[in-house]
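One structure below.
Throughout, residue positions are numbered sequentially from 1 according to the sequence presented. All heavy atoms count here, side chains included; hydrogens, waters and symmetry mates do not.
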Amino acid sequence: MIRKGMKLYSILFGACPKCHQESMYTVKNPYVLSDTLKINDNCSHCGTKYRMEPSFFYGSMYVSYGVGIAFAVAAFVVSYILFESSLLTAFISIVLTLICFLPIIMRLSRNIWINFFMSYDKSLVKK
Ligand SMILES: [Zn+2]
């Protein structure tokens, strides 16, 4: 369903937003906490510069707010509505979810942020 060429592919897998041929991150696993936010300077396939300007990824903090809310709502729905837990338990589950998924939330928001500014370019794939 999700294949190369769709924005969703780059957002979910952290692939280069222009050619979707390789990961932007130096380490693929987001839970290697020291390397969660380490991004290559350029795409080795198409040469796209990921940091278009200094501190480009500061803007992803706005996105991470929305992504965090989405995770919190999902945690609330699962614990409060599906498992019919108390409000306190639902609150604790939200906090735990946000802590556990923090590396994923940070990467997702960076991927969404860079995909606001760059789009898939088919001609770059063939190079
Ligand atoms: Zn690329």
Side-chain angles (χ1 to χ4, degrees):
M1 283 309 262
I2 299 167
R3 58 200 139 67
K4 289 182 183 179
M6 301 169 79
K7 266 206 189 300
L8 206 55
Y9 179 87
S10 171
I11 290 172
L12 289 180
F13 300 106
C16 166
K18 283 207 167 167
C19 69
H20 293 187
Q21 295 299 307
E22 64 165 43
S23 174
M24 293 191 289
Y25 298 95
T26 51
V27 178
K28 256 198 162 171
N29 180 0
Y31 284 95
V32 181
L33 293 179
S34 57
D35 296 329
T36 298
L37 295 178
K38 275 195 187 140
I39 275 185
N40 295 319
D41 288 334
N42 295 82
C43 172
S44 70
H45 191 82
C46 69
T48 298
K49 198 176 162 199
Y50 296 135
R51 274 175 231 276
M52 291 190 282
E53 53 194 35
S55 12
F56 169 67
F57 283 107
Y58 278 4
S60 71
M61 284 193 289
Y62 302 110
V63 181
S64 79
Y65 179 73
V67 176
I69 296 286
F71 273 80
V73 168
F76 177 78
V77 167
V78 168
S79 64
Y80 191 70
I81 296 174
L82 287 185
F83 290 110
E84 296 176 343
S85 62
S86 67
L87 268 181
L88 179 66
T89 316
F91 175 74
I92 292 170
S93 74
I94 288 173
V95 172
L96 288 180
T97 302
L98 288 180
I99 292 172
C100 292
F101 286 96
L102 189 65
I104 292 180
I105 292 172
M106 288 197 296
R107 278 204 175 179
L108 267 182
S109 32
R110 282 189 165 212
N111 299 344
I112 292 172
W113 181 249
I114 196 168
N115 270 283
F116 278 144
F117 300 95
M118 297 181 187
S119 320
Y120 183 65
D121 187 346
K122 224 177 181 177
S123 63
L124 292 172
V125 179
K126 288 164 195 159
K127 276 185 190 170

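- Residues Thr97 and Phe76 form no side-chain contact, since every pair of their non-hydrogen atoms from C-beta on lies 4.5 Å or further apart.
- At a threshold of 4.5 Å between non-hydrogen side-chain atoms, the residues Asn40 and Tyr25 do not count as touching.
- No single ILVMFWY cluster, assembled from side-chain heavy atoms under 4.5 Å apart, contains both Leu124 and Met24.
- Stacking of Arg110 on the aromatic ring of Phe57 is recorded, both the 6.0 Å distance cut-off and the 45° axial limit being met.
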Between side-chain atoms of residues 64-74 and protein atoms elsewhere (two or more places apart, or another chain), which donor-acceptor pairs fall under 3.5 Å?
residue: Ser64; atom: OG; partner: Met61; partner atom: O; Å: 3.0

Next on the checklist: Would Tyr31 and Ile104 count as a side-chain contact (heavy atoms from CB on, under 4.5 Å) here? Give the steps.
Outcome noted: CA-CA 8 Å; Tyr31 284 95; Ile104 292 180; 3.6 Å; yes
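- Under the 4.5 Å side-chain heavy-atom criterion for ILVMFWY residues, no single connected hydrophobic cluster contains both Ile94 and Val78.
- The number of heavy-atom neighbours closer than 6.0 Å to CZ of Phe56, taken from other residues, nucleotides and ligands shown, is above 12.
- The number of heavy atoms from other shown groups lying within 6.0 Å of OH (Tyr58) does not exceed 12.
- Between Tyr62 and Trp113, the two ring planes are tilted [angle within 30° to 60°].
- In this structure, the side chain of Asp121 engages the main chain of Ser123 through a donor-acceptor pair within 3.5 Å.
- In this structure, Lys49 and Asn42 approach most closely via the heavy-atom pair CA-ND2, 3.8 Å.
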Under 3.5 Å, which donor-acceptor pairs do the side chains of residues 3-13 form with other protein atoms, sequence neighbours left out?
residue: Lys7; atom: NZ; partner: Asn115; partner atom: O; Å: 2.9
residue: Lys7; atom: NZ; partner: Met118; partner atom: O; Å: 2.9
residue: Ser10; atom: OG; partner: Ala15; partner atom: O; Å: 2.9
residue: Ser10; atom: OG; partner: Asn115; partner atom: ND2; Å: 3.0

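- The minimum heavy-atom distance between Cys46 and Cys19, with the atom names listed, is SG-SG, 3.7 Å.
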